[in-house]
Amino acid sequence: MIRYKAKLKEKIRRSLMDRYPLKESQLEISYTPQAKMGDLALPFPLQLAKEMKRQPRELAAEIVPLLSDLPGVAKIEVAGPGFINLFLNRQDFFLLQVASLEKRTFQPEEKKIIIEHTNINPNKAAHVGHLRNAVLGDTLGRCLLYKGENVEIQNYIDDTGIQVVDVTFGFMDMEKKTLEDIQKIEGKFDYYCWDLYTRISSYLEDHPEAQSRKSEILRKIEKGEQPEAEIAELISRRILRAHLETMKRIDISYDVLPCESSILGRKFWDKAYSLLKEKGAIYLVDEGLNKGCWVMKLEDYEEREKIIVRSDGTVTYVGKDIAYQLWKFGLLEIDFFYEPFTEDNGKTIWISTAVPKEPAPTFGDGTLVYNVIDTRQSYLQKIVVQGLKSLGFLDQAKKSIHYSYEMVALSPKSLDELGQKISAEDRERDFLEVSGRKGLGVKADDLLDRLEQKAFLEVEKRNQDLPSDQRRLIARQIATGALRYFMLKFARNSIIVFDFEEALSFEGETGPYLQYSLVRINSIFRKLKEREGYEEKDLSTLTSEQNISLDALSEQEQEDFWGLVFYASQFEEEIQLSVRSLEFSHLAKFAFNLCQKFNAYYHKYSILAEKDKTIKSLRIWTIQYVREVLTKVLSLMGIPQPARM
RNA sequence: GCGCCCGUAGCUCAGCUGGAUAGAGCGUCUGACUACGAAUCAGAAGGCCGUAGGUUCGAAUCCUGCCGGGCGUACCA
C-alpha cells in the first residue's frame, strides 16, 4: 500500500503541477470513512480551495477530469465538502498486493540503532511494570529489524546501586548469611529477595543508625573489597539470571548487559567528568545550598541547577547516565570488555566487564538511541540529553530518544486479591503505585503462571488428543500472547490500572483472540490437505498460475472480500505509523480489527464445503493473504502463533 | 509554585500529522453450534468527547482560561 500510494502521489503531482499551486506536503492520501464512498480519499482540494479562494466542491470537480488515468483506479468522484474519492480496481489491486508481499518497502536509515530496555534493579523479582517496559522495547526492536535496521538491544544492570546495597545489608547484617549460605538458598531467588527487601525497607525505616553501615557496604562494593563486593555480585547476578528467565518466557532477549560496575571500573565517569568540565557544561558552586557541588544549569527551568557531582566528590546517577549515553554513541573513547553471560536459543548474551576476559564482539557506537524508561524519569532523561548538547554533540542529542510510557498501577481491588493490606486512605484512591519497598506489586512470574494455568485448562478442554507436552507448549504460547497484547493495547501515555480479570481474559480484544483467528485459518489449510490432498503454494505463484476473475463472486461477497483484503493491505502503514509515533497500540488495534473482519468473513463464507472451484480458489487466496499479513504483524508484536489451541 | 501527562458509553480504553454519520472490548439484553473449532459471530440499548472561549470551510484532535486527577521537580536510583 505504501508503494502504491507513493506511485499515485507522484502521478497526481505531475498531472496537476502546471495548473495548481499544490505542495507536496498537501498531497496526502487517506481513507474514506465508509466503503461505499470509495477506497482512497484526497482531501487536498479543500486546502487548495482556501488558498485559491475558490469553492472546494467546484474546484474538486474541475480537477477530477485531469486525474482520469491514475493507475489502478476504476472510478473517481467528488464527495462530501470537496474530497476526491478514488475507487480502486479491486482485482488489480489485490494481485499487486500479493506480488509485493515479499518485496522490501522500507529502507534502513541508521548505521546502528541501540535500544535500552528492561533495566530492572537486580535486587528483587520483576513485576508487571517491568513487563510493560520490556514488551514495548522488544516490540520496537522487532519493528526496526523488520524495517531492515541494524538493532542492538541493551539491558542496563545497576549492579552497584543503593538497591543492591540494601539487599546486601539484609543478607549480611539482618540474616547473618555468608556467601556460601546465600549460594545454598534454593527455589526462586528473586522471590526470596522480594520478601527480604520489604523487610529490609521497614527495618531501615526504624533503624536510621544503619545508614553508616550501608555507606560502608556501598564503598566496599565500589572498591571491590570483600566479602561485601563478592556477595553483592552474587546477589545481582543471581537475580539477573532470574530476570532473564522471566523475560525469556515472553520471548524477550538481549544482545548485551552493560553494568554499572563496569562503568565504574572502566572509569567512564572520569572521562565524561573531564569532558564536561572542559566544555564548561558543569561548574563548581562556591556558595549557598549547593556549595561544593558540580552542577549543570538547566534549560527551560529558571534558576535551576542540577547536581551532577556531590560535595563529597561522588557522582550522582545522572552523571553516570551521561557517561553511559556518550558511550552508546561511541563518543567516550573508552570501551567495556565483555564475557558471555548466558545462552539464549543458541545466541550468546554478553555482559560487560571491567577487565579483559576473552575475545568478544563490539557493542555500542550507535547512531540512534532509544531509552525505554517510564515517564517519571523524563526530567532525568532531559538532563542527559542536555549534557550531550552542552558538550557540543547536537546531532546525538537530537537522536537520543526517551521512549517514555506511563506506569502500571494497581487498583485497590487487585491488591485485595493479592492479599496485600492497604490503608483506608489509599483505599479511596483509583490506583496505587507499585512499590518494591512495600512489596506492593504483581510479580511477573506470578502473572505468567496464572495465565499459563488458565490457558492450560482451556487447551485441555479442547484438545484432548494432543500429548501433554504439546498442551503445555500451547498454554505457554497463549499466556505470552495474552500478556504481550495486554501490554500493547494501551496507548503509552495511559496508566494501566492493573486488573486481574482483565489481564487474564482470553476473550474479546485479547492476544488469544488474535491467535485463535490464525489457528482457524491454519486449520482450514490443514483440513484442505487432509481431505483433498491440497498442496499449499506461495500465494503469488497461485495467483499467477490461475487467471480467475472476482466476478465469479456475488456482489455481496465481492464487498466482503474487498473489506478484508483492502484493510489487510494497510499493514505496512500501521507499522510505519507505530514506529514513528512509538505507539504500538496502533499495530495492536490493527491486528485486532483485521481479525474481527476475518472472523466475520469466516462465519459467512465456507471454504471446505464450497462446490464452485473458482469461488473456492478465490476464498483460499483471500484467507491466505490475510494469513500472510497476520503472521507478520503478530510476530512483530512477539505474539506466538500456536498450530492449534 | 513550576514542568509533563490524563479527563471520550455503566466499566476499561482506541481515535494517526485537524476531515465526511465519534469506535472497540467488557458488562446488560435478543439470537446463532451433531463444526472450516462458539477462545466465535449477528443484532439492540448506551456519548453536550470535563468546562468556557478562540482559530478554521471543518475541532474529540490545534490555542487560551478554568475545574478535576496523576506524576515529576533529592547532594535516591
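Letters A, B, ... are given to chains in the order of the sequence lines, protein chains preceding strands, and every chain is numbered from 1. It should be emphasised that the depicted structure is a prediction, and the values quoted were computed from it without experimental measurement.
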Can a salt bridge be assigned to the pair [X] and [Y] using a cut-off of 4.0 Å between side-chain N and carboxylate O?
X: A:Lys438; Y: A:Asp426; value: no
X: A:Lys527; Y: A:Glu530; value: no
X: A:Arg54; Y: A:Glu62; value: yes

Which nucleotide sits closest to the side chain of [X]: [options]?
X: A:His586; options: B:rA20, B:rG15, B:rU40; value: B:rG15
X: A:Leu577; options: B:rA20, B:rG15, B:rC16; value: B:rC16
X: A:Lys36; options: B:rA20, B:rU21, B:rA77; value: B:rU21
X: A:Phe506; options: B:rA39, B:rA14, B:rA77; value: B:rA39
X: A:Pro512; options: B:rA39, B:rA20, B:rC5; value: B:rA39
X: A:Phe431; options: B:rC71, B:rA20, B:rG70; value: B:rG70
X: A:Gln34; options: B:rC6, B:rA38, B:rU21; value: B:rU21
X: A:Asn493; options: B:rA14, B:rA77, B:rC6; value: B:rC6
X: A:Asn599; options: B:rA39, B:rU40, B:rC75; value: B:rU40
X: A:Glu433; options: B:rG72, B:rA14, B:rA77; value: B:rG72

Does a side-chain N or O from [X] land closer than 4.0 Å to OP1 or OP2 of [N], or not?
X: A:Thr316; N: B:rA77; value: no
X: A:Arg429; N: B:rC71; value: yes
X: A:Arg520; N: B:rA38; value: yes

Relative to the 5' end of RNA chain B, which residue comes earlier, A:Lys291 or A:Met645, by the nucleotide with the nearest heavy atom?
A:Met645
Residue met sooner reading RNA chain B from 5', once A:Lys306 and A:Ile478 are mapped to nucleotides
A:Ile478
Touch class at under 4.0 angstrom, heavy-atom based, for [X] against every strand present:
X: A:Phe83; result: base
X: A:Ser581; result: nothing
X: A:Ala491; result: sugar-phosphate
X: A:Arg526; result: nothing
X: A:Asn463; result: base
X: A:Pro56; result: nothing
X: A:Arg580; result: nothing
X: A:Ala79; result: base

Please say whether the positively charged group of [X], taken as NZ for Lys or CZ for Arg, lies over the ring of [Y], i.e. under 6.0 angstrom from the six-membered ring centre and within 45 degrees of the axis.
X: A:Lys489; Y: A:Phe592; value: no
X: A:Lys529; Y: A:Tyr534; value: no
X: A:Arg492; Y: A:Phe584; value: no
X: A:Arg132; Y: A:Phe486; value: no

Between [N] and [M], how many Å separate the two [atom1] atoms, rounded to a whole number?
N: B:rG10; M: B:rU28; atom1: C1'; result: 9 Å
N: B:rU55; M: B:rU12; atom1: C1'; result: 34 Å
N: B:rU17; M: B:rA60; atom1: P; result: 15 Å
N: B:rG70; M: B:rG27; atom1: P; result: 30 Å
N: B:rA14; M: B:rC29; atom1: P; result: 28 Å
N: B:rA20; M: B:rG58; atom1: C1'; result: 10 Å
N: B:rG18; M: B:rU56; atom1: P; result: 16 Å
N: B:rC63; M: B:rU21; atom1: C1'; result: 27 Å

Within the modelled atom types, does a donor on one side and an acceptor on the other bring the side chain of A:Thr375 and the base of B:rC4 under 3.5 Å apart?
no
Can you find a donor-acceptor N/O pair under 3.5 angstrom joining the side chain of A:Asn85 to the base of B:rA20?
yes
Identify the pairs formed between an N or O of the protein and an N or O of nucleotides 22-26 of chain B at a distance under 3.5 Å, and give each distance.
unit_1, atom_1, unit_2, atom_2, d
B:rA24, O3', A:Gln596, NE2, 3.4
B:rG25, OP1, A:Gln596, NE2, 3.0

Kindly check if the number of other-residue, nucleotide or ligand heavy atoms within 6.0 Å of CD (A:Glu532) is above 12?
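Counting neighbours around CD of A:Glu532, more than 12 heavy atoms of other residues, nucleotides or ligands fall under 6.0 Å, so yes.
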Take atom CD of A:Gln55 as the centre, draw a 6.0 Å sphere, and report whether it contains more than 12 heavy atoms from other residues, nucleotides or ligands.
no
Does a side chain donor of either A:Asn599 or A:Tyr513 reach within less than 3.5 Å of an acceptor in the other side chain?
yes
Between A:Phe590 and A:Phe571, does the ring-ring contact (aromatic ring centres under 6.0 Å, His included) criterion hold? Intermediate values first, please.
CA-CA 8 Å; A:Phe590 170 77; A:Phe571 75 101; 7.2 Å; no
What stems involve RNA chain B, if each pair must be Watson-Crick or G-U and both of its distances must be under 3.5 Å, with 3 or more such pairs in a row?
B:1-7 with B:67-73, B:10-13 with B:23-26, B:28-32 with B:40-44, B:50-54 with B:62-66
B/S/- along nucleotides 28-33 of chain B (protein heavy atoms under 4.0 Å) is ------
Using whole Å, what does the distance between atom P of nucleotide B:rA39 and atom CG of A:Leu457 come to?
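From A:Leu457 CG to B:rA39 P: 15 Å.
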Going by ring centres under 5.5 Å and near-parallel planes (under 30°), is A:Tyr379 stacked on B:rG3?
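No, A:Tyr379 does not stack on the base of B:rG3.
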